[in-house]
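What follows is a single structure, written as structure tokens, with notes after it.
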Protein chains: 2
Amino acid sequence: MKLSTKGRYAVMAMVDLARHAQAKPVSLSDIATRQEISLSYLEQLFARLRRAGLVKSVRGPGGGYRLARGSADTRVSEIILAVDEPISATRCTEMGATGCRADRSKCLTHDLWEELGNQIHLFLSSVTLLDVLERKLAPRFIEAPSAANAEPSMAAAS
Amino acid sequence: MKLSTKGRYAVMAMVDLARHAQAKPVSLSDIATRQEISLSYLEQLFARLRRAGLVKSVRGPGGGYRLARGSADTRVSEIILAVDEPISATRCTEMGATGCRADRSKCLTHDLWEELGNQIHLFLSSVTLLDVLERKLAPRFIEAPSAANAEPSMAAAS
DNA sequence: ATTAAACCCGAGCGACGCAGTTGGTTTTTG
DNA sequence: CAAAAACCAACTGCGTCGCTCGGGTTTAAT
């Protein structure tokens with residue numbers, strides 16, 4: 001789960017696409033002007049989105065893009081995974097097993113990053129394009145009441 | 001919340017520091033060899049950690065670093081916020097109000113990224129160094145049972 | 001058939017931040 | 001004093017990101 005501005009652009013474009021969905025498909029140049037994103041850059045993003053099966057294209061004049069599935073069945077996590085390639089295995093993260101299993105004490109943090117990735121994916125896959133459009137954010141997560149630590153103070157974070 | 005490998009290194013080093021805490025302070029060169037991180041790079045990270053009040057330094061031979069607070073009172077989120085400077089306000093993210101409020105329709109995704117940031121911070125601030133050491137991960141988050149969407153299927157995501 | 005609108009593709013570029021290096025200076029212990 | 005450590009500042013490869021450029025190819029309107 002990469003989480004760069006590239007993925008953000010893709011989500012912005014997909015939300016725009018879902019918003020202006022009508023009988024006619026939506027052209028990329030329309031999205032480009034509305035969202036102020038470079039047309040060629042959009043083309044690159046949508047090429048990936050199409051390969052991932054998230055959108056369908058209609059060629060020729062009056063053509064454009066349509067959501068492959070409904071806006072309620074397209075999750076934000078899918079968009080980001082389609083656009084950002086799946087990270088380059090820094091140090092020990094993922095990469096299967098090698099290099100990390102060797103010295104367990106060195107990778108105490110491994111579980112932490114893995115669990116963080118899970119949390120992010122869990123959240124993003126709980127939000128659909130329709131949710132964003134209607135500003136109905138997040139089937140809310142609540143903290144387990146049996147949690148040992150986690151003081152609610154949290155005075156840090158500017 | 002930046003979430004780069006820089007922050008990961010910082011957390012790795014802090015976990016190492018917490019693990020080897022004794023009467024004597026821990027020198028950076030010890031951490032450097034154990035965690036295989038460049039010494040000078042560690043110095044830069046710990047300069048920030050010190051300014052953030054997360055560690056205390058002892059100068060001279062036999063000197064090194066100590067946790068400012070206990071390992072149970074140092075949260076992972078604090079470490080990451082200390083080393084990664086607070087993001088560069090891409091497009092509309094944060095930056096107060098300007099450029100985003102103008103055209104509301106353009107920033108439908110704004111709430112989404114904000115909520116995602118909240119989720120990440122919430123998770124990372126629920127984990128202390130002690131939790132990582134003892135592999136007691138995450139005062140677990142559970143999904144609210146009243147959630148409307150969020151099918152548990154989630155067949156996507158390679 | 002012509003033309004224009006739209007998608008498709010690949011090479012390349014400027015800027016930025018990360019990871020690391022060099023080369024010092026202070027401080028403190030022995 | 002000499003050695004060990006924290007401190008400090010500047011600089012440098014290098015990769016990636018966001019984006020441009022310049023071509024295509026396919027389709028539909030006329």
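Residue numbering restarts at 1 for every chain, and letters A, B, ... go by the order of the sequence lines.
Atom CD in Q35(B) sits about 17 Å away from atom C1' in dG20(C), given to the nearest Å. Spacing between atom CG of L17(B) and atom P of dA6(D) amounts to 11 Å, rounded to whole angstrom units. Going from atom CG of D30(B) over to atom P of dA5(D) covers 8 Å, rounded to whole Å. Computed from coordinates, the L39(B) CG to dG20(C) P distance equals 12 Å when rounded to whole Å. As a whole-Å value, the separation of I31(B) CD1 from dA4(D) C1' is 16 Å. Taking atom NZ of residue K24(A) and atom P of nucleotide dA29(D), one finds them 8 Å apart after rounding to whole Å. When the P atom of dC7(D) is taken as reference, atom CG of L45(B) falls 14 Å away, rounded to whole Å. What separates CD of E43(A) from P of dG24(D) is a distance of 16 Å, to the nearest Å.
Side-chain N/O atoms of S4(B) include none lying less than 4.0 angstrom from OP1 or OP2 on dG17(C). For the pair S27(B) and dA5(D), the criterion of a side-chain N or O lying under 4.0 Å from OP1 or OP2 is not met. A close approach under 4.0 Å does not occur between any side-chain nitrogen or oxygen of Y41(A) and OP1 or OP2 of dC9(C).
Ring orientation note: the planes of Y9(A) and Y41(A) are nearly perpendicular, at an angle over 60° on the 30°/60° scale.
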Review point. Going through the distances and angles, do V26(B) and R34(B) end up as a side-chain contact (heavy atoms from CB on, under 4.5 Å)?
Key: CA-CA 12 Å; V26(B) 182; R34(B) 274 196 297 260; 3.7 Å; yes
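Counting atom types as modelled, Q44(B) pairs no side-chain N or O with a base atom of dC8(D) as donor and acceptor under 3.5 Å.
Under the side chain to side chain donor-acceptor pair (under 3.5 Å) criterion, R66(B) pairs with no residue, sequence neighbours left out. In this structure, the side chain to side chain donor-acceptor pair (under 3.5 Å) partners of S4(B), at least two apart in sequence or on a different chain, are D84(B). Looking at residues two or more places apart in sequence or on another chain, you find a side chain to side chain donor-acceptor pair (under 3.5 Å) between S29(A) and S27(A). Residues forming a side chain to side chain donor-acceptor pair (under 3.5 Å) with R50(A) (at least two apart in sequence, or on another chain): none.
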What protein N or O atoms touch nucleotides 26-30 of chain C N or O atoms at under 3.5 angstrom, if any, and at what distances?
from    : atom 1 : to     : atom 2 : distance (Å)
dT26(C) : O2     : R59(B) : NH2    : 3.0

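No contact: F46(A) has no heavy atom under 4.0 Å from any strand. Residue L28(B) is in sugar-phosphate contact alone, with no base atom involved, counting any heavy-atom pair closer than 4.0 Å across all strands shown.
Here the side chain of D84(B) is nearest to one of dC18(C), dA6(C), dC9(C), namely dC18(C). For S40(A), counting side-chain heavy atoms from C-beta on, the closest listed nucleotide (dC19(D), dT20(D), dC7(D)) is dT20(D). For S38(B), the side-chain atoms get nearest to dG20(C) when compared with the rest of dC9(C), dG20(C), dC18(C).
If you take CE on M14(A) and CG on L45(A), they are separated by 11.0 Å, rounding to the nearest 0.5 Å.
Scanning all heavy atoms of the two residues, the minimum distance from A72(B) to T128(B) falls at O-CG2, 3.3 Å. Nearest heavy-atom pair across D111(B) and R135(A) is OD2-NE, 3.4 Å.
Using a 4.0 Å cut-off on heavy atoms, none of the residues of residues 48-58 of chain A approach DNA chain D.
Under a 4.0 Å N-O distance rule, the pair E78(B)/R69(B) qualifies as a salt bridge.
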